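Notes follow the structure.
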Amino acid sequence: AIAPPTAPPAKGSLATTTPFFLMPGSVVGLMGLRSQKWCSNTGHSITCNKASIGASEKFTIVKSSHGWISLKSVSTNKYCQDLIVKVVCNSGSAGAYTRFLEVNLGPEWESVGYFGLKGSRKQKSCSDAPDGMRCDVAQALGYEKFSMKVVH
């Protein structure tokens, strides 16, 4: 098994040690770049396919360590975990694979409200794939970008 992240990102990486958009304690809706739709906890994955934000599209941002955060589904009160081929909100407690890192994609993306996410399992970028969010991409070059709206 791959060890969970225990240290901040390497100096010079694109990752920030302090979240810029995803502030701990806030409740947000996430929107995927590919779909331009809100990401929803479907019970078996997070899929970005909703036109508006309802209970299933709300996530509480929970502080973890070294700049990592956890996403907790408001509709189920469960933590979301990186299973590599999908992200599923089914954990009753925060753990090694319920952590995500907000990635600064540079000023051209930040200025228009986009950021990247990395999952803790293999520290790969998460993408807005047609079959659901997945954290299996080496670099954030395509649909590995998200925006958000604070709802609480």
Side-chain angles (χ1 to χ4, degrees), residues 1-24 26 28-50 56-74 76 78-149:
I2 295 171
T6 57
K11 185 174 175 144
S13 74
L14 289 178
T16 59
T17 56
T18 303
F20 182 77
F21 290 104
L22 302 173
M23 298 305 293
S26 60
V28 303
L30 296 172
M31 180 180 279
L33 174 67
R34 178 196 63 80
S35 63
Q36 290 295 297
K37 302 275 184 173
W38 296 104
C39 302
S40 180
N41 174 19
T42 66
H44 54 85
S45 68
I46 294 178
T47 304
C48 304
N49 63 359
K50 299 295 182 184
S56 295
E57 293 74 44
K58 294 178 185 175
F59 299 90
T60 301
I61 307 302
V62 179
K63 184 178 180 177
S64 189
S65 58
H66 301 292
W68 292 76
I69 52 101
S70 293
L71 300 172
K72 191 174 187 182
S73 173
V74 169
T76 63
K78 300 278 186 178
Y79 287 89
C80 306
Q81 46 181 335
D82 168 19
L83 301 181
I84 303 169
V85 297
K86 68 180 178 177
V87 175
V88 62
C89 305
N90 65 356
S91 179
S93 61
Y97 301 124
T98 63
R99 293 188 281 177
F100 295 86
L101 185 67
E102 180 183 322
V103 179
N104 178 340
L105 301 171
E108 66 280 2
W109 286 102
E110 184 180 288
S111 66
V112 292
Y114 282 94
F115 56 90
L117 287 173
K118 278 192 176 184
S120 57
R121 190 169 293 263
K122 289 199 172 191
Q123 298 187 31
K124 300 275 185 164
S125 292
C126 303
S127 66
D128 169 20
D131 60 344
M133 186 186 292
R134 52 191 311 135
C135 303
D136 62 352
V137 181
Q139 291 184 324
L141 299 174
Y143 296 128
E144 297 75 41
K145 297 166 184 74
F146 297 86
S147 62
M148 53 75 69
K149 178 179 182 179

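All values derive from a computational prediction rather than experimental measurement.
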[X] side chain to [Y] backbone, donor-acceptor under 3.5 Å:
{"X": "K118", "Y": "V103", "result": "no"}
{"X": "T47", "Y": "N49", "result": "no"}
{"X": "Q36", "Y": "L33", "result": "yes"}
{"X": "E102", "Y": "F115", "result": "no"}
{"X": "R121", "Y": "D82", "result": "yes"}
{"X": "T98", "Y": "S70", "result": "no"}

Taking side chain to side chain contact (heavy atoms under 4.5 Å, CB included) as the criterion, tell me which of V28, N41, L30 meets it with L71.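 Running side chain to side chain contact (heavy atoms under 4.5 Å, CB included) over V28, N41, L30 with L71 returns exactly one hit, L30.
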* To do: Applying side chain to side chain contact (heavy atoms under 4.5 Å, CB included) between C126 and each of L117, V137, L101, report the one that passes.
  =>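 One option only clears the test, and that one is L117.
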*With D128, which residues qualify under salt bridge (Lys or Arg N to Asp or Glu O under 4.0 Å), at least two apart?*
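For D128 the salt bridge (Lys or Arg N to Asp or Glu O under 4.0 Å) partners, ignoring immediate neighbours, are R34.
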Do any pairs count as a salt bridge (Lys or Arg N to Asp or Glu O under 4.0 Å) and have a residue in residues 129-140, sequence neighbours left out, and if so which ones?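 Pairs touching residues 129-140 that pass the test: D131-R134, R134-D136.
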Distance only, no hydrogens: is a donor on one side chain within 3.5 Å (strictly under) of an acceptor on the other, for E57 and S40?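 E57 vs S40: donor-acceptor pair found between side chains.
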Exercise for the section: Run through Y143, F20, F21, W109 and flag the one making a ring pair (Phe, Tyr, Trp, His ring centres under 6.0 Å) with Y114. Expected result: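 Checked Y143, F20, F21, W109 against Y114; only one passes ring pair (Phe, Tyr, Trp, His ring centres under 6.0 Å): W109.
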- Message: In the structure I gave you, are the side-chain heavy atoms of E110 and L105 within less than 4.5 Å of one another anywhere?
- Response: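 They are not in side-chain contact.
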